[in-house]
Protein chains: 2
Amino acid sequence: MSEQGSPQPEPRGRMSAQAVSRAIRDDVINGVHRPGQRLTEEAMAARYGVSRVPVREALRTLEAEGFLHSRPYAGIAVVELDDGEAEDLLEVRALLEPLGAARAALRRTPEQLGRLKELVALGQDAVAGDRLAEVARLNSRFHEVIAEASGSRTLTQLVTQLSQKIAWVYSVQLPRRAADSWSEHAEIVRALELGDEELARSLVARHIDRARSAYRRRTNVVYDS
Amino acid sequence: MSEQGSPQPEPRGRMSAQAVSRAIRDDVINGVHRPGQRLTEEAMAARYGVSRVPVREALRTLEAEGFLHSRPYAGIAVVELDDGEAEDLLEVRALLEPLGAARAALRRTPEQLGRLKELVALGQDAVAGDRLAEVARLNSRFHEVIAEASGSRTLTQLVTQLSQKIAWVYSVQLPRRAADSWSEHAEIVRALELGDEELARSLVARHIDRARSAYRRRTNVVYDS
DNA sequence: GGTGCGACGATTGTATTCAATCGAGGTGAG
DNA sequence: CTCACCTCGATTGAATACAATCGTCGCACC
């Protein structure tokens, strides 16, 4: 454990348990807390400027989401990523997201469509500006919003977990990025706007297939999703 | 909120946070806490014989798992099940579990095979003895063990969440049960023992399809999975 | 010199206490 | 009579304090 130079790395006012949860999750996804690293409650409390109680609640949440692992009295640590983990995540996503997209084409609200367009704009902007962490975050959010638009709470929850984990895997394992996927995102939004169920389904399926093969080649396209 | 006659309904010694989490989850699945019902921290603390702190941690865990829903200062309540929720769960499971079964056929250990055989025996016994809650629990466990045997942490986590939710949906919405599915379970175990990937995949796919159509007919087979 | 045992420090788990916020019920003015 | 406002009770959110447990280091003993 290295000494902590800065107690509050992001002093965005005093955080509550939910905010602590988000902050720790972001720090895990962005590699601030590395896989296998042990997270002591007191260190987290100091880091985020709260007491141990909200920290514990946040850690339980993240444990349930699969980012952390704990055993009684043995402490809590960041999950170690298996080699096959990334491929598993992409394979499962390849099963789930086309289904969600097809439903979203039928059920999306105008508000959701607007948010998606906004996300595409922000994403393309972040790509142009080379802001990697922001690209990853927007990517996850994009797929989460589509899942929400499917109207299925089950799909929403699962896709949200998956896309966050995928962003994590990418950021930890691959320090590169891709730009093209955001034009595919724009295509997907258009299909949703048209309400074309099968087009949305196939576009998302192809989109994710490309991400998978790009990942397999370990080259170029990353942060794709 | 009716008055609490019995402070500790299951006095299995003093519970810790993890045990409280399991206990509340079981009570939700078995309909003790009904959908929409608000769960105050103090009532839970009294019910399970601990203070509010471990209760809060358990509630955060269950919230992340999707059984409960909370908003700041608005309290925490059992999620209300949509009408389409059950079908969504079954549809997603129909996508995921055949994949898990195929992998399990290749990677299952002898220990896991033994546990599955034991579960089949226990399940058939519980069916014969008409112990509904136990049948549901064993059902979930059976599918969870197969997912574990797939060697994919992603699949394990998702299938575990799904099977528990499905047990919940069934127990809340349908007060009937089925016996036959356990003979199908036995068939699946045999395929895993043979190491036949495609047989395992197709048996699980058919198994879940039957559960889905049974559910749609709203008759006979329940607690099937 | 190696090994087993025991005490200490560190960390987690829980309880108690206090502060912040929300909603319901009452009260008074219009 | 209706509605706005305000006060109060209840509940959640957070901090502090205390107890239980684990790992490690050191020492005695074999």
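In the text below, chain A, chain B and the rest are named by the order of the sequence lines, each starting its count at 1. Note: hydrogens, waters and symmetry copies are ignored here, and every other heavy atom, side chains too, is used.
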* Between B:Glu42 (CD) and C:dA15 (P), how many Å, whole number? -> 13 Å
* Counting side-chain heavy atoms from CB outward, which of C:dG13, D:dA15, C:dT14 is closest to A:Val53? -> D:dA15
* Asked: Between D:dT12 atom P and B:Tyr73 atom OH, what is the distance in whole Å?
  -> 11 Å
* In terms of the nearest nucleotide of DNA chain D, which residue is placed more toward the 5' end: A:Ala74 or A:Gln18? -> A:Gln18
* Asked: A:Arg38 side chain: which of D:dG13, C:dA15, C:dT11 is closest?
  -> C:dT11
* Asked: Taking only residues at least two apart or on different chains, which pairs with a member in residues 106-121 of chain B satisfy salt bridge (Lys or Arg N to Asp or Glu O under 4.0 Å)?
  -> B:Lys117-B:Glu193
* For B:Ala17, which contact category applies under a 4.0 Å heavy-atom criterion: base, sugar-phosphate, or nothing? -> sugar-phosphate
* To do: List in chain and number order the residues that pass salt bridge (charged side-chain N to carboxylate O under 4.0 Å, His left out) with B:Arg153, two or more places apart in sequence or in another chain; answer none if no residue qualifies.
  => A:Asp82, A:Glu85
* Can you pull the salt bridge (Lys or Arg N to Asp or Glu O under 4.0 Å) pairs that have at least one residue in residues 156-166 of chain B, sequence neighbours excluded? -> none
* To do: Hey, could you give me each pair passing salt bridge (Lys or Arg N to Asp or Glu O under 4.0 Å) that has a residue in residues 68-77 of chain A? Not counting sequence neighbours.
  => none
* Asked: Between D:dT11 atom C1' and B:Ile76 atom CD1, what is the distance in whole Å?
  -> 13 Å
* Would you confirm whether B:Trp168, through its side chain, and B:Val28, through its main-chain N or O, come within 3.5 Å as a donor-acceptor pair? => yes
* Rounded distance (Å) that lies between atom P of C:dT11 and atom CG of A:Leu39 -> 13 Å
* Asked: Going through the distances and angles, do B:Leu90 and B:Ile166 end up as a side chain to side chain contact (heavy atoms under 4.5 Å, CB included)?
  -> CA-CA 7 Å; B:Leu90 291 171; B:Ile166 288 169; 4.2 Å; yes
* How would you list, by chain and number, every residue that makes a side chain to side chain donor-acceptor pair (under 3.5 Å) with B:Glu41, sequence neighbours excluded? -> B:Arg52, B:Arg56
* **Contact list for DNA chain C against residues 58-71 of chain A - heavy-atom distance below 4.0 Å** => A:Arg60
* Just how far, in rounded Å, is P of C:dG13 from CZ of B:Arg56? -> 17 Å
* Map B:Glu57 and B:Arg52 onto DNA chain C by nearest heavy atom, then report which one ends up closer to the 5' terminus. => B:Glu57
* Structure fact -> B:Ser51 has its side chain closest, among C:dT16, C:dT12, D:dG13, to C:dT16
* Asked: To the nearest angstrom, how far is A:Met44 atom CE from C:dT12 atom C1'?
  -> 15 Å
